[in-house]
Participant: 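Below you'll find the structure I mean.
Quick note: numbers below take in every heavy atom, side chains included, and nothing from hydrogens, waters or symmetry partners. By convention in this document, chain letters (A, B, ...) are assigned in the order of the sequence lines, proteins followed by strands, and residues within each chain are numbered from 1. Just so you know, these numbers come straight off a predicted model, no measurement behind them.
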There are 2 protein chains.
Amino acid sequence: MTTQPAFRRSEPDARRLSLIEACARVLAREGIAGASVRTIAVEAGVSAGLVGHYFAGVDALIAATYAHTGARVDTALEAAVATAGEDPRARLEAFVTASFAAPIADPELLATWIAFWSLVRARPEIAALHDEQYGGFRGQLERLLADCGLPAAQLRTMAIAITALVDGLWLELCLSPRELTATEAAAIARDALARLTSPVKATG
Amino acid sequence: MTTQPAFRRSEPDARRLSLIEACARVLAREGIAGASVRTIAVEAGVSAGLVGHYFAGVDALIAATYAHTGARVDTALEAAVATAGEDPRARLEAFVTASFAAPIADPELLATWIAFWSLVRARPEIAALHDEQYGGFRGQLERLLADCGLPAAQLRTMAIAITALVDGLWLELCLSPRELTATEAAAIARDALARLTSPVKATG
DNA sequence: AACCTTGTTGGACGTTCGTACAACAAGTGC
DNA sequence: GCACTTGTTGTACGAACGTCCAACAAGGTT
């Protein structure tokens, strides 16, 4: 197919990364069912044996892909918050709505997430990785909420609620983008955020 | 292992059901990676060939398991609403919090859901099944919200928000029950529901 | 220029996969 | 009690799987 030499040597980190990216593409295209060592190796343009050289198995590669993708998400979230300026309220809103725009609102991400979730129950060390990622998201949200003046006693509860809202919207957006558009999802999240964080009115 | 005859004939529907239940158990125990025709057949106590007799493949079996489990969820939700009595508000709250108690808050359900989600992107007919299940949930929620006097213009938006909230909480509850208990998830959902459905206060 | 380290290949191995099919047995109608 | 239908088994087959490893080549060292 190419006139190049049979293989080119890469720096270990670059090769690791190319395998991770290939894994993400395969997961997006064929789902976890098609994510075999061979398929991923072909996608990355390397031999099958090389995958085993860098990762203990497909599970470890999926975990690494999740970690890498999670880091990209974190970066995007931080960038969104930074762009929002100084107003705490604007920063909170930017954080919440960033999940419904590129690069986070991406079906390719969902494929990685689902593949990872499918490993959580059977693998304690993978469950720990999930807890870490989820806890980081919630922690950052708690900080933004505190900056908005939310009482400390409500921080955890409110952060969990907003995280659930964002995750649920994001999931549905990625699963059936024909039923729910990114614009609408963002609008719903903005409105729900306003309602959730406004003081409760007495019932009756 | 048994002194019974080599096989016992079952009614087709009963056999189908036993295969579906076996599939759910395998998904819960080993994840989608372990859900092969052979494994499921052993779990159901039948030969491997019989699975092919009832389902076109593992994907079709997973789809049937999803449909069956979804129907069980619908039944549980209807029962919760019926138990709540006549007050529209109580009925709405019962519907929302039912997801955080048996039989819905069950990691075994999550395994089925994740396996199903992993097929959505690559299979249009499975995506349609998801849209149907999700639409049914949201439709029922819209009816309950309408009974509570919510303006028609807000029905869709509010139902999507609440569905996302419930899904997100349920997902997190099933993924890491050590971090989030069912009781806390239900309390959060109740509180968030109250805030979401209370009139917005003018920003000041 | 000879050498060493190591990323990389390609093929071999045993296992498990999905599928197909002939043989068999449990009901059912007569 | 005999034929017929059909749910069910057991086996066999090719394809794809994960894993291993000897051989090879690229890049750095001396």
Participant: Tell me whether A:Trp170 contacts the main-chain N or O of A:Ile104 through its side chain, where contact means a donor paired with an acceptor under 3.5 Å.
Facilitator: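 Looks like yes, one N/O pair under 3.5 Å.
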Participant: If you compare all heavy atoms of B:Ser118 against all heavy atoms of A:Ile114, which two are closest, and at what distance to 0.1 Å?
Facilitator: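 Nearest heavy atoms, B:Ser118 then A:Ile114: CB-CG2, 3.7 Å.
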Participant: Classify B:Val46 by what it touches in the nucleic acid, base, sugar-phosphate, or nothing, heavy-atom distance under 4.0 Å.
Facilitator: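 Result for B:Val46 = sugar-phosphate.
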Participant: Answer yes or no: does a side-chain N or O of A:Tyr54 lie under 4.0 Å from OP1 or OP2 of C:dG7?
Facilitator: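 For A:Tyr54, the contact criterion (side-chain N or O under 4.0 Å from OP1 or OP2 of C:dG7) is not met.
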Participant: Sort and list the pairs that fulfil salt bridge (Lys or Arg N to Asp or Glu O under 4.0 Å) and have at least one residue in residues 87-96 of chain B, not counting sequence neighbours.
Facilitator: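 Sorted result for residues 87-96 of chain B: B:Glu93-B:Arg190.
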Participant: Specify the residues of residues 55-62 of chain A, ordered by number, for which at least one heavy atom lies under 4.0 angstrom from an atom of DNA chain D.
Facilitator: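 The answer is A:Ala56, A:Val58.
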Participant: Considering all heavy atoms of both residues, which atom of A:Ala90 and which atom of A:Ala84 are nearest to each other, and what is their separation?
Facilitator: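 Looking at all heavy atoms of both residues, the shortest contact is O-CB, 3.7 Å.
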Participant: Would you say the side-chain atoms of A:Thr157 pair up with the backbone N or O of A:Gln154, donor to acceptor, closer than 3.5 Å?
Facilitator: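 No, A:Thr157 side chain to A:Gln154 backbone: no donor-acceptor pair under 3.5 Å.
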Participant: Looking only at atom types and distance, does a side-chain atom of B:Thr83 sit under 3.5 Å from a main-chain N or O of B:Ala79, one as donor and one as acceptor?
Facilitator: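 Yes; at least one donor-acceptor contact below 3.5 Å.
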Participant: To the nearest Å, how far apart are B:Arg16 CZ and D:dG7 P?
Facilitator: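 So the CZ-P distance, B:Arg16 to D:dG7, works out to 13 Å.
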Participant: C:dA20 C1' sits how many Å from B:Leu50 CG, rounded?
Facilitator: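 Answer to the nearest Å: 14 Å.
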Participant: D:dG7, OP1 or OP2 - any side-chain N/O from B:Arg15 closer than 4.0 Å?
Facilitator: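 Checking B:Arg15 against D:dG7: no side-chain N or O falls below 4.0 Å of OP1 or OP2.
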Participant: Could you tell me how far apart A:His53 (NE2) and D:dA23 (P) are, to the nearest whole angstrom?
Facilitator: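 So the two atoms are 17 Å apart, to the nearest Å.
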Participant: Check for a donor-acceptor pair, side chain of B:Ser176 on one end and backbone N or O of B:Glu179 on the other, with a separation under 3.5 Å.
Facilitator: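 Not at all, since once roles are kept as given, no pair shorter than 3.5 Å links the two residues.
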Participant: In this structure, how many angstroms lie between the C1' atom of C:dG7 and the CG atom of A:Leu19, rounded?
Facilitator: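 Taking atom C1' of C:dG7 as the reference, CG of A:Leu19 is at 12 Å.
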Participant: Given 3.5 Å as the limit, does a donor-acceptor pair link the side chain of A:Arg121 with the main chain of B:Cys174, or not?
Facilitator: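 Indeed, once roles are kept as given, a pair shorter than 3.5 Å links the two residues.
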Participant: Restricting to nitrogen or oxygen on both sides, can you table the protein-nucleotides 13-17 of chain D pairs closer than 3.5 Å?
Facilitator:
from   : atom 1 : to      : atom 2 : distance (Å)
D:dC17 : OP1    : A:Ser36 : OG     : 3.1

